[in-house]
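Computation of the quantities below employed the complete heavy-atom set of this structure, encompassing side-chain atoms and omitting hydrogens, waters and symmetry-equivalent molecules. All values derive from a computational prediction rather than experimental measurement. Sequence lines set the chain letters: A, B, ... in the order given, protein chains first and strands last, and positions in each chain run from 1.
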2 protein chains.
Amino acid sequence: MKSSQVTIKDIARELGISPSTVSRALKDHPDISQETKRLVNELAKKYNYKPNAIALSLRNQRSNVIGVVIPEIVHYFFSSVISGIEEVANANGYSVMISQSNEDFNREVAACETFLNGIIDGVLISVSKETNDYTHFHRFEEEGIPIVFFDRAVDEIQADRVIIDDFDGAYQATEHLIVQGRRKIVHFAGPQNRLIGQNRLNGYLKAMRDNGVVIDERLIIPCDTFQSALVETQKLIESGLKFDSIFTVNDFTAAGALKILLRNGYKVPDDIAVVGFGDDQTSLMVEPTLTTVNQPGFEMGKKAMEQLIRRITQTKPEPPVTELLKTQLIVRESSRS
Amino acid sequence: MKSSQVTIKDIARELGISPSTVSRALKDHPDISQETKRLVNELAKKYNYKPNAIALSLRNQRSNVIGVVIPEIVHYFFSSVISGIEEVANANGYSVMISQSNEDFNREVAACETFLNGIIDGVLISVSKETNDYTHFHRFEEEGIPIVFFDRAVDEIQADRVIIDDFDGAYQATEHLIVQGRRKIVHFAGPQNRLIGQNRLNGYLKAMRDNGVVIDERLIIPCDTFQSALVETQKLIESGLKFDSIFTVNDFTAAGALKILLRNGYKVPDDIAVVGFGDDQTSLMVEPTLTTVNQPGFEMGKKAMEQLIRRITQTKPEPPVTELLKTQLIVRESSRS
DNA sequence: CTGTTAGCGCTTTCAC
DNA sequence: GTGAAAGCGCTAACAG
């Protein structure tokens, strides 16, 4: 933000006309003569004139900047969401400001504080795992700044949300295994204090019941990282429990399970089938390729941003909307009989 | 950016004093009486007053916002860099605006254009693979906006850079293979219009020469994605050329090569050793685990942001600085004899 | 100790 | 068809 920017004043001075005329000429205002417009535009191009976004923001009370509060960018899913957000933002003249909470409550609050300084027109939020107090979100409501929650929503706040149909995704994945003839299906489950973990477990349970498969509680194991999957899978094998497949809460966990299975001499999918969740890039890279559930992250980002723009530009208030995005089962080698 | 924000004027009106007094009171200016300060601060707290960042930016000619132009956030490495950038930015009161080029030249130019609207104090850039024309970068120089390049720099622009010692990393990786007794080492090389691709190739070449290994040009193949590695590795095998190891420009390419090798019945590392670059999460998940070169992404982000802040706040011009970050060879199963 | 004024860059009434 | 003036929110020089 150094001083060398050309302003409307500079052009006006050089042409011996007033700033207001220049402003109008640049916006092709009908009152201005063709000749003046020509002169102004010529000079603007020559000096690479760009309207000063900050001055515009101050004047218009709109910055065309939106804020994103997101747990951790380093997950493929979240970075896909950001790409979707950016896609729609760019297409509509918005810029995107990003702040990570790193799943830490205090950082989330700090991120929201920063966004309350008047610079943003609206905010997209995915709530951190730690968060149980929602006052920092209320501040946006007070200021009249629209919020759209994505992926991780909060019931206590009246706002739009775009979320994944985790239940259905897990249901499809489990039913797929059953259709392939599997019955002793292990589930490596996510944390049960979060909806996402609950919904995926519930989808698994429902699919089992609907298909008359006996549920063995011992096959439902809390495990949601690559590292813990290495440990838990080995324990599972050594436990002597019979199982013919594993459905995991995410792809990293599946990759860990897969690795340990192979190292113990199991054939995948012949002996044990493996299904992940998320359609992370990794699912294509492991050998055999991993059956998984596609989470439309990019799509989610797009929808969330579209909804936010709708809120920012709406004239009359409308009730909050929840958009549920469908998942898609992607069958690959790790489960194909 | 709705209207409900409390301003200095509002507080002044309610207290029957002037806006300037309020402004001064809020900054604890020595001229203002304790009583007035108390009154002002009380009201400010009561109404949740926050200084309007946009007005401040316009006034100070500094926004405390920086821009980041980055190829693709969805790579673990780049998102680590962003985390590093954010870490330092937050600690110093800066906000971060992100724009992805998706390795597309036109999008990179568009991203730069947007950042030229006066909203940013400085910019961090990692150049897209496609970029061969650098005029859009020059615009920042003209406007007096400092640039720091990270990871993918450009010789044609005089600016700070924080880069990985790609040459040394590639040298170490290659020498490691040689020490393991490999001689016919394939290199899947990155684009040669980027320093990063050049340096990694050069490191490979130097290590070969230093160790008296004959260089076979046919074993140097342009290939830098998972998908292309699937194709190129198969072609390589079918070509009948003899090789005993592959060193790739990144881990995804290594993962692709690994997959095809295994599918063709090769044992890794017994028949063919594979070494990647980047220490992506994937390198641990594939089977066997992948020997790779650690790139300190988070560190890079921090250093780049620190350097940018130095530029933004510097009083007298100083010559450009290049910071070279050391890599570390991580030996895993894919190359251990 | 506090108020007035001017101005950051831009637009938009209102006036001629 | 064009200009002058006011104001978005804030601050700093200048006056008292």
Side-chain angles (χ1 to χ4, degrees), chain A residues 1-41 43-44 47-65 116-121 143-144, chain B residues 1-41 43-44 47-65 116-121 143-144:
Chain A
M1 262 189 69
K2 272 294 201 48
S3 44
S4 34
Q5 282 240 42
V6 180
T7 74
I8 275 190
K9 262 188 173 174
D10 298 328
I11 297 181
R13 195 175 330 109
E14 176 148 352
L15 251 38
I17 60 181
S18 80
S20 17
T21 304
V22 175
S23 171
R24 280 184 281 236
L26 287 169
K27 331 187 80 66
D28 202 21
H29 191 105
D31 276 0
I32 304 297
S33 75
Q34 288 308 317
E35 178 60 4
T36 307
K37 282 182 188 165
R38 199 182 54 73
L39 255 37
V40 168
N41 284 307
L43 217 53
Y47 288 147
N48 252 324
Y49 169 80
K50 291 210 107 200
N52 181 309
I54 296 182
L56 280 174
S57 300
L58 189 59
R59 172 117 242 282
N60 301 336
Q61 302 292 81
R62 286 180 79 255
S63 63
N64 274 30
V65 174
L116 281 163
N117 64 2
I119 220 173
I120 59 157
D121 288 346
E143 305 279 355
Chain B
M1 266 191 72
K2 272 293 202 45
S3 44
S4 34
Q5 281 240 44
V6 181
T7 74
I8 275 190
K9 262 190 176 172
D10 298 327
I11 297 181
R13 196 177 328 107
E14 176 149 352
L15 251 36
I17 58 180
S18 81
S20 19
T21 304
V22 176
S23 171
R24 281 184 280 233
L26 287 169
K27 331 186 80 66
D28 202 22
H29 190 104
D31 275 1
I32 305 295
S33 74
Q34 287 307 318
E35 179 60 5
T36 307
K37 280 182 190 167
R38 199 181 55 72
L39 256 37
V40 168
N41 283 306
L43 217 55
Y47 289 146
N48 251 324
Y49 169 79
K50 292 211 110 201
N52 181 308
I54 295 183
L56 280 175
S57 300
L58 189 59
R59 173 115 242 281
N60 301 336
Q61 302 291 83
R62 285 181 77 253
S63 64
N64 274 29
V65 174
L116 281 163
N117 65 1
I119 220 172
I120 60 158
D121 289 345
E143 305 279 356

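One can place CG of B/Leu56 at 12 Å from P of D/dG9, the figure rounded to the nearest angstrom. The CG atom of A/Leu58 sits 18 Å away from the P atom of D/dA6 (whole-angstrom rounding). With rounding to whole Å, B/Leu26 atom CG is found 13 Å from C/dT2 atom P. If you take CG of A/Asp10 and P of C/dC8, they are 10 Å apart, rounded to a whole angstrom. Computed from coordinates, the B/Arg13 CZ to C/dG3 C1' distance equals 17 Å when rounded to whole Å. Atom pair A/Gln34:CD and D/dG1:P shows a separation of 9 Å (rounding to whole Å applied). A/Asn60 has its CG atom 7 Å from the P atom of C/dT12, to the nearest Å. Here D/dA5 presents its P atom at 14 Å from NZ of A/Lys9, a figure rounded to the nearest Å.
The side chain of B/Ser23 has D/dT11 as its nearest neighbour among C/dT12, D/dT11, D/dG9. Each of D/dC8, D/dG1, C/dG3 was ranked by its minimum atom distance to the side chain of B/Ile17; first place goes to C/dG3. When the nucleotides C/dG3, D/dT11, C/dC1 are ranked by their closest atom to the side chain of B/Ser18, C/dG3 comes out on top.
B/Tyr49 has no side-chain polar atom (N or O) that falls below the 4.0 Å cut-off from OP1 or OP2 of D/dG9. OP1 and OP2 of C/dG9 both lie 4.0 Å or more from every side-chain N or O belonging to A/Lys50. Note on B/Ser33: a side-chain N or O is less than 4.0 Å away from OP1 or OP2 of C/dT2. Applying the 4.0 Å criterion to OP1 and OP2 of D/dT2, one finds that A/Thr21 has every side-chain N and O outside that range. For the OP1/OP2 pair of D/dT11 and a distance below 4.0 Å, the side-chain nitrogens and oxygens of B/Lys27 include at least one atom meeting the criterion. A close approach under 4.0 Å does occur between a side-chain nitrogen or oxygen of A/Gln61 and OP1 or OP2 of D/dG9. Contact check, A/Ser20 against D/dT2: no side-chain N or O comes under 4.0 Å of OP1 or OP2.
Residues B/Leu26 and B/Ala44 come closest through the heavy atom pair CD2-CB, 3.9 Å. Minimum heavy-atom separation, A/Ile17 to A/Thr21: CD1-CG2, 4.1 Å.
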* Might you work through the side chain to side chain donor-acceptor pair (under 3.5 Å) test for A/Ser23 and A/Ser20, ending with a clear yes or no? => CA-CA 5 Å; A/Ser23 171; A/Ser20 17; over 6 Å; no
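For the pair B/Asp10/B/Tyr49, no side-chain contact is recorded, criterion being any heavy-atom separation below 4.5 Å from C-beta on.
Residue order along DNA chain C, read from the 5' end via each residue's closest nucleotide, puts B/Val22 first among B/Arg59 and B/Val22.
In this structure, A/Lys37 NZ and A/Lys27 NZ are separated by 12.5 Å, a value rounded to the nearest 0.5 Å.
Applying the 3.5 Å distance criterion, the base of C/dT2 shares no donor-acceptor pair with the side chain of B/Thr36. Judged by distance alone with a 3.5 Å cut-off, a donor-acceptor contact links the side chain of A/Arg24 to the base of C/dT13.
Looking at A/Arg24 and A/Asp31, no side-chain N of the basic residue comes within less than 4.0 Å of a carboxylate O on the acidic one, giving no salt bridge.
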